*Asks:* 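Quick one: structure below, then a few questions.
Convention: sequence-line order gives letters A, B, ...; per-chain numbering from 1. Quick caveat: nothing in here was measured; it's all calculated off a predicted structure.
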Protein chains: 2
Amino acid sequence: METRELRYCAADAGELHYGRAAQGPGTAQPPLSRAIRQLERRLGVTLLERTSRTVTLTEAGSVLLREGRAALDAVDAASRRTRRAALSATGHPGLVLVTKAGASAELLSKLLDAYAAEPGAVAVDVLLCGIGEQERLLRDGRADVALLHRPFDSTVGFDAEELCTEGQVAVLPAGHPLAGRAHLRMADVAAVSGLPLPRWPCRDGAYPDGPGPEVRDHAQLLQLIALGRAVAVLPESSRAVLRPDVTAVPVLDAPTVTTLIAWPPHSRSRALAGLVRAATRL
Amino acid sequence: METRELRYCAADAGELHYGRAAQGPGTAQPPLSRAIRQLERRLGVTLLERTSRTVTLTEAGSVLLREGRAALDAVDAASRRTRRAALSATGHPGLVLVTKAGASAELLSKLLDAYAAEPGAVAVDVLLCGIGEQERLLRDGRADVALLHRPFDSTVGFDAEELCTEGQVAVLPAGHPLAGRAHLRMADVAAVSGLPLPRWPCRDGAYPDGPGPEVRDHAQLLQLIALGRAVAVLPESSRAVLRPDVTAVPVLDAPTVTTLIAWPPHSRSRALAGLVRAATRL
DNA sequence: CGGATCGATACCCCTGAGGTATCGCTGCGC
DNA sequence: GCGCAGCGATACCTCAGGGGTATCGATCCG
């Protein structure tokens with residue numbers, strides 16, 4: 001199987017429309033149509049059920065979509081990491097660390113300081129990304145290492161070390177009746193009428209149905225909270241980055257959040273090992 | 001990057017000889033030479049340092065070799081799993097479980113029985129493989145799930161659940177002076193003169209240097225022990241498969257062995273989930 | 001110094017991927 | 001009910017580029 005075929009197939013299975021799908025890989029509709037037909041013949045499998053009006057994924061097609069995307073990420077990672085390995089040989093041995101914007105800010109700066117103080121430390125580029133994007137960046141080689149947060153992020157498929165565990169706080173508008181309490185329970189937060197929990201986008205960018213407002217990043221979220229349109233439950237450490245017009249109250253029975261440092265399996269870079277060592281020593 | 005280029009590159013980086021490397025992917029030397037040159041130009045990276053007599057891997061080349069092999073495995077897995085998904089839709093929904101020959105025999109049969117008794121259980125093919133091969137089989141899609149043993153196998157890159165933990169025993173010739181002891185320590189085993197620990201092959205099939213005999217599987221190992229040419233430290237559960245001419249004595253301070261069930265990340269098969277559930281219930 | 005070995009190059013052939021035009025089918029609207 | 005619009009499949013052409021053979025040029029060995 002060639003990556004071209006995988007790319008075509010992924011585009012088509014994603015769009016379920018040959019014309020639009022062809023624009024992604026930058027080709028025309030007939031080559032795409034032929035390529036998928038040929039791939040189906042070679043595998044002996046029907047990937048797409050097509051009538052002259054509609055295209056639907058078969059069971060096998062959805063497997064190929066999922067596995068194929070992972071494979072394409074692996075191919076991209078091979079090329080990116082090779083290029084970066086060559087760069088680092090010529091004097092620019094950098095690491096790219098990715099984390100969610102707004103999360104673990106203090107931990108991150110301590111980590112960067114601690115690592116920079118080590119002998120042989122290399123430059124670390126920090127990449128701030130949106131919710132759930134770390135996984136992809138780590139898998140396709142755009143990042144070397146990530147800070148993840150259990151239970152929100154999955155460490156599946158990566159190597160990881162736990163760094164710290166913390167409780168969560170409810171973030172409320174400053175003037176809210178509950179804002180004066182010493183602590184809350186999840187039931188209290190859930191029962192706040194008029195302050196629904198916000199909805200975060202799924203991995204495909206779509207939002208689940210529900211009552212809360214749609215949010216995409218921390219700034220949006222905090223603004224909505226300050227406006228009295230939402231309430232959120234966040235790790236304690238995010239207190240450090242809260243605006244003055246919102247208040248944080250510990251939630252005793254919220255699940256604890258574990259911050260981890262994660263990297264692709266079989267990474268054998270000395271710089272990465274040093275960074276992980278610095279992190280676990282914090 | 002096309003898989004053809006990756007295949008050529010992997011072959012060449014593995015052989016370090018264009019002529020022989022060309023035989024692997026079934027082509028001639030000139031196309032291979034050109035393909036690698038072109039890949040180098042496209043990536044802007046020197047992969048192989050070649051004189052007119054010798055070929056050596058650069059740092060970047062070894063990164064591409066490692067990452068490229070992983071990517072090729074992912075592509076193979078995509079094609080294999082797609083084919084199997086199609087088969088399972090037409091009535092043959094099987095799982096392939098891989099484990100080291102001779103290990104966890106009892107646990108495995110209990111697991112298979114327990115799973116078979118569940119409603120909706122599918123056929124499970126058991127694949128017995130050599131040391132350290134499970135990882136590869138799981139990664140390239142030839143197997144769906146594996147029984148691994150920490151600390152011998154790595155679970156890096158997979159999802160896993162721990163099943164059980166056990167101590168280890170020293171396996172000695174039946175007539176050996178230590179065979180009568182109730183228990184031993186690692187120091188006792190190490191001090192046994194004339195009975196060195198055997199050497200297992202590395203992932204590339206080569207053996208590390210050292211005094212012990214080279215072994216490749218359980219049968220070989222037990223025969224060597226029975227002959228008085230080696231001693232081994234194995235998990236307790238292997239007692240069940242020992243020959244009568246060897247004796248097992250618990251080693252109190254040997255590292256404990258954890259048996260895990262592992263599967264590729266993001267597997268979403270109902271059958272796999274059922275098998276894992278049955279395993280964790282044991 | 002000549003032969004052997006190995007990677008690079010030149011040259012040719014031909015597969016096969018891409019593009020344009022068009023067909024055939026289907027659902028929708030008037 | 002008929003025509004039109006939208007979509008995937010097909011036909012046909014073009015040509016880039018991958019494969020093969022022969023050969024060159026460099027290097028190591030005897």
*Asks:* Round to a whole Å and report the spacing from CG of B:Leu32 to P of C:dC6.
*Replies:*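 Going from B:Leu32 (CG) to C:dC6 (P), I get 14 Å.
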*Asks:* When you check the phosphate oxygens OP1 and OP2 of C:dG19, does a side-chain N or O of A:Thr27 lie under 4.0 Å from one of them?
*Replies:*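 Answer yes for this pair, as a side-chain N or O of A:Thr27 is under 4.0 Å from OP1 or OP2.
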*Asks:* Checking contacts here: which listed nucleotide (C:dG18, C:dT9, D:dG8) is nearest the side-chain heavy atoms of A:Gln29?
*Replies:*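 The listed nucleotide nearest to A:Gln29's side chain is D:dG8.
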*Asks:* Base, sugar-phosphate or nothing for B:Gln38? Non-hydrogen atoms, less than 4.0 Å.
*Replies:*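 The answer is sugar-phosphate, as B:Gln38 gets under 4.0 Å only of primed atoms, P, OP1 or OP2.
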*Asks:* Between B:His17 (NE2) and C:dA8 (C1'), how many Å, whole number?
*Replies:*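 Spelled out: NE2 on B:His17 to C1' on C:dA8 is 14 Å.
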*Asks:* Using 4.0 Å as the upper bound for N to carboxylate O, is an ion pair formed by B:Glu67 and A:Arg84?
*Replies:*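 Looking at B:Glu67 together with A:Arg84, the answer is no, because their closest N to O distance does not fall below 4.0 Å.
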*Asks:* List the atom of A:Phe158, the atom of A:Trp263, and the distance in Å for their closest heavy-atom pair.
*Replies:*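 Where A:Phe158 meets A:Trp263 most closely, the heavy atoms are CB-O, 3.5 Å.
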*Asks:* Search all heavy atoms of A:Ala160 against all heavy atoms of A:Leu260 and return the closest pair with its distance.
*Replies:*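 Nearest pair, atom of A:Ala160 first, then A:Leu260: CB-CD2, 4.1 Å.
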*Asks:* Closest to the A:Arg37 side chain: C:dG19, D:dG8, D:dT10?
*Replies:*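 Of C:dG19, D:dG8, D:dT10, D:dT10 is nearest to the side chain of A:Arg37.
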*Asks:* What nucleic acid atoms does B:Arg53 come within less than 4.0 Å of, heavy atoms only: base, sugar-phosphate, or nothing?
*Replies:*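 B:Arg53: base contact, heavy atoms under 4.0 Å.
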*Asks:* Is the phosphate of C:dC6, meaning OP1 or OP2, less than 4.0 Å from a side-chain N or O of B:Thr51?
*Replies:*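 No, B:Thr51 has no side-chain N/O under 4.0 Å of OP1/OP2 on C:dC6.
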*Asks:* What is the nucleic acid contact for B:Arg34, judged by heavy atoms within less than 4.0 Å: base, sugar-phosphate only, or nothing?
*Replies:*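 Base contact - B:Arg34 has a heavy atom under 4.0 Å of at least one base atom.
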*Asks:* Please state how far atom OH in A:Tyr18 lies from atom P in C:dC25, giving the value in whole angstrom units.
*Replies:*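 After rounding, the reported distance stands at 18 Å.
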*Asks:* Of B:Leu43, B:Leu64, B:Leu39, which is the lone residue that meets side-chain contact (heavy atoms from CB on, under 4.5 Å) with B:Glu5?
*Replies:*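 Option passing the side-chain contact (heavy atoms from CB on, under 4.5 Å) with B:Glu5: B:Leu39.
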*Asks:* For a side chain to side chain contact (heavy atoms under 4.5 Å, CB included) check, start with the C-alpha distance between B:Asp159 and B:Val276, then their side-chain angles and the critical distance, and finish with the verdict.
*Replies:* CA-CA 11 Å; B:Asp159 239 2; B:Val276 172; over 6 Å; no
*Asks:* Round to the nearest Å and state the distance from A:Arg50 atom CZ to C:dG27 atom P.
*Replies:*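 Atom CZ in A:Arg50 sits about 17 Å away from atom P in C:dG27.
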*Asks:* In whole angstroms, how far is the C1' atom of D:dG8 from the CG atom of A:Leu48?
*Replies:*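 Going from A:Leu48 (CG) to D:dG8 (C1'), I get 11 Å.
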*Asks:* Given atom CZ of B:Arg7 and atom P of D:dG18, what is their separation to the nearest angstrom?
*Replies:*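 Whole-Å distance recorded here is 14 Å.
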*Asks:* Please state how far atom CZ in A:Arg4 lies from atom C1' in D:dG17, giving the value in whole angstrom units.
*Replies:*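 Spelled out: CZ on A:Arg4 to C1' on D:dG17 is 13 Å.
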*Asks:* What is the distance from CD of B:Gln23 to C1' of D:dG20, rounded to the nearest Å?
*Replies:*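 Whole-Å distance recorded here is 15 Å.
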*Asks:* With respect to the side chain of B:Tyr8, which nucleotide from C:dG19, D:dG19, D:dG8 is positioned closest?
*Replies:*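 The nucleotide sitting nearest to the side chain is D:dG19.
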